[in-house]
Each structure stands twice: as C-alpha cells, then as structure tokens.
Amino acid sequence: MKQRLPALIVFAVLLGAAVGSGYHSYNVCRDEMAADLSQALAKCLDQDADRLLPADTIRAYAQAKATTEGPMMMAIGSRRLTRHLRHKNLADAAFITFDTDGDANISPSIPEGAIGSDTLTWYDDRNQTRVALRSYASVSVAGILASADMSGSLGLFVVALLWGSVMWLYPARRSRLSGMATITTSDRPTLNYDPQTDTFLGRGGENIHFTPMQHRLMKMFLAAPRHQLSHQTICQTLWPKKDQPADTLYALIKRLKPILEEQMNVKIECQRGRYYRLTADETSHP
C-alpha cells in the first residue's frame, strides 16, 4: 500500500483537478448567462422600453399592489428580450420581472437556482413611476453544463481514468512480486514464488510451468537456508521408499537446469554427492 501511495496521490490530484476545473467552467458559464441576461435587458430598455412595459400594464400592477397585502411582483415573457440573448438556450427559459417599488425582488414562485441579471431601473414618464426590472432564466445544472466549456475538465478526467487504470491493472502483476521468496542478481529479480497462487514467476513476471516433481523441488530450494539442499534431503523427501533414487535425482536436475537458466536467470550449482544449490546467474541476460 505504501508503494502505491504516491500513485494514489497523483490520481486524487488529477481527479480533484478535473472536478475543480468542471466547477470553475460551470461558474464561468453561469456568470456569462447572467451577463447575457443583463445586456439583453439593457438593450430592451434602451431601444423599446415603452413597448416592453405598456403604460396600462404598469398602472394595473400599481393598482393591484396598492390593494394587496404582502410582497408582489409581476413576471412577463418577452420576445424582445430573447431576441437580444447570445445564449440561445436561454430563450425558452427567460422572462422579465418588474416592481414599482424599485426592488425587483425574486418572487417565491421563481425556481431556486434561477439565473438572474443585474437590477436595472427605468423611469416611466407616462405614469410618473420608477420601475425596477430584472430578467431571469430557469436553467438546470445539466443545461448550464451542456453550455459550458468542459474540455479541460473532461481532459483531466480522462487522464485520471487512464492513470487509475495503469495504477490498478499494470502494477497488479508487479505487486505479486512483493513479499515473495526470491533470488536476485545485483540489479534485477530473477526468480519469484507467489505463495498465494503457489506459482513461480520468471524474470518478466510470467508464470513458469514445472512438472509436479520439479515444482516440489523448487519449493524445497526456496525454503532451505541459502537455497541449498543435500542429496540425501532431496531423495528422502521426494522418494522416501525408493532404494536407489540417485539416477532419478540426476534426471530431475538435468531437466530443471535449462528452465531456470533460460527463464529465470538462475542456475543450479552442484557439489557431486553432497548438495545442490540455487544461485543467481550473473552471466545471463533478460
């Protein structure tokens, strides 16, 4: 786990950067939409305020407000507003609110999270009334994200996923080597045994296929001090009931040697009549 900690930190940083970049892009897009609503409303007031808010509408609103207890606000849809919007996906969701008190407060009926423009004021000479206006658009989080530039966030997210795949898939084979019985040269692993799967791995991490008797002998070598076994120990363990096992042992060692030398950079040293010992073959190359 400690060996993977730096990789986990990198993964967490990449994932956090992706989330942070996405959140930033979301806020940037939301602010752009709010600014778009503000400029569109400003153009409406500058170019055609009288048609945007007819005098009769303002008078009717003022009379209704005078006879109504509690806060009141009127919301109207306007094609003039949508015509000036740069974000066309706001067109179906945009509307204008106004209030003759100059507050243009958000009505409780407006969905939470709606995007709002700046509050603009306009003096209606026809009714001698100051009107406060604000435009809104009810856009979902998904709608904002769809309009935001998420390329940076998506790029970081893909990199994080790729890093996570490399971190969990490719090192899985290498992690099997940690804590195993092993013989190494001065600069590279040569032979490894995985006790969890009861398999031997070559210098490249591949499984080495031994015969059952070869497999037993290899486990005996790895468990022995200095990986050294006497002839007597091997014979008594592998062929306890055989009268003359020397020839069988010789044949077993003869077949085992080329496998170790070719696939594991390991050789078997022999002291005739005394012992066999596994050692790293410094002259072999991967």
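For the numbers below, each heavy atom of this structure counts, side chains included, while hydrogens, waters and symmetry mates do not. In this chain, residues are counted from 1 in sequence order.
Evaluation of the salt bridge (charged side-chain N to carboxylate O under 4.0 Å, His left out) rule for Asp56 yields Arg59 as partners, not counting sequence neighbours. By the side chain to side chain contact (heavy atoms under 4.5 Å, CB included) test, Ala49 pairs with Leu45, Trp122, sequence neighbours left out. Partners of Asp36 according to the salt bridge (charged side-chain N to carboxylate O under 4.0 Å, His left out) rule, which considers only residues two or more places apart in sequence or in another chain, do not exist here. Contacts of Asp198 classified as salt bridge (charged side-chain N to carboxylate O under 4.0 Å, His left out), with partners at least two apart in sequence or in another chain: Lys219.
Taken from NE2 in His227 to CZ in Arg277, the straight-line distance is 10.5 Å, to the nearest 0.5 Å. Rounded to the nearest 0.5 angstrom, Glu269 CD and Gln228 CD are separated by 9.0 Å. Annotation: the span from Leu238 atom CG to Leu252 atom CG amounts to 7.0 Å, rounded to 0.5 Å. Rounding to the nearest 0.5 Å gives a distance of 12.0 Å between CD1 of Ile253 and OG1 of Thr248. Once rounded to the nearest 0.5 Å, the distance linking CG of Leu249 with CE of Met213 reads 10.5 Å.
Looking at Met220 and Thr237, their side chains come closer than 4.5 Å, going by heavy atoms from C-beta outward. By the 4.5 Å heavy-atom criterion applied to side chains, Leu256 and Leu217 are counted as neighbours. Contact annotation: the side chain of Leu52 approaches that of Ile96 to within less than 4.5 Å [non-hydrogen atoms, C-beta and beyond]. At least one side-chain heavy atom of Gln39 sits under 4.5 Å from a side-chain heavy atom of Arg86.
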Point to revise | Residue pair Cys44, His84: steps toward the side-chain contact (heavy atoms from CB on, under 4.5 Å) verdict | key: CA-CA 8 Å; Cys44 286; His84 295 298; 3.7 Å; yes
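Residue pairs meeting the side chain to side chain donor-acceptor pair (under 3.5 Å) criterion with at least one partner in residues 150-159, sequence neighbours excluded, are Asp149-Ser151. Within the structure, the side chain to side chain donor-acceptor pair (under 3.5 Å) test picks out no pair touching residues 15-34 (sequence neighbours left out).
For Arg126, the CZ atom sits in a packed shell: over 12 heavy atoms of surrounding residues, nucleotides or ligands are nearer than 6.0 Å. Atom CD of Gln271 is surrounded by more than 12 heavy atoms from other residues, nucleotides or ligands within 6.0 Å.
Using modelled atom types, one finds a donor on one side chain and an acceptor on the other under 3.5 Å when comparing Ser147 with Asn89. Defined by atom type and a distance below 3.5 Å, a donor-acceptor pair is present between the side-chain atoms of Tyr123 and Gln128.
Without hydrogens or angle criteria, Thr57 side chain to Leu53 main chain gives no donor-acceptor distance under 3.5 Å. Remark: side-chain polar atoms of Thr199 are not paired, donor with acceptor, to backbone N or O of Asn207 under 3.5 angstrom. In this structure a side-chain-to-backbone donor-acceptor pair under 3.5 Å is missing from Thr100 to Val131. With hydrogens and angles ignored, the 3.5 Å screen pairs a side-chain donor or acceptor of Ser165 with a backbone N or O of Leu161.
Of all heavy-atom pairs between Leu90 and Ala137, the closest is CD2-CB, 3.8 Å. Between Leu85 and Ala94, the shortest heavy-atom contact is CD1-CB, 4.0 Å. Listed here is the closest heavy atom pair of Leu41 and Ser135: CD2-N, 3.7 Å. Here the closest heavy-atom approach between residue Arg134 and residue Gly116 is recorded as NE-C, 4.2 Å. Closest approach of Leu145 and Met150 over heavy atoms only: O-CG, 3.7 Å. Contact record, Phe157 with Ala18: N-CB, 3.6 Å, taken as the closest heavy-atom pair.
Taking the six-membered ring wherever Trp is involved, the centroid distance between the rings of Tyr276 and His231 falls below 6.0 Å. Ring centroid separation for the pair Phe98 and Tyr61 comes in under the 6.0 Å cut-off. Taking the six-membered ring for Trp and the full ring otherwise, Phe200 and His215 have centroids separated by under 6.0 Å.
When the options Leu15, Val10, Val158 are evaluated for a side-chain contact (heavy atoms from CB on, under 4.5 Å) with Trp163, the one that passes is Val10. Each of Asp124, Asp125, Thr129 was checked for a side chain to side chain donor-acceptor pair (under 3.5 Å) with Asn127, and the lone residue meeting it is Asp124.
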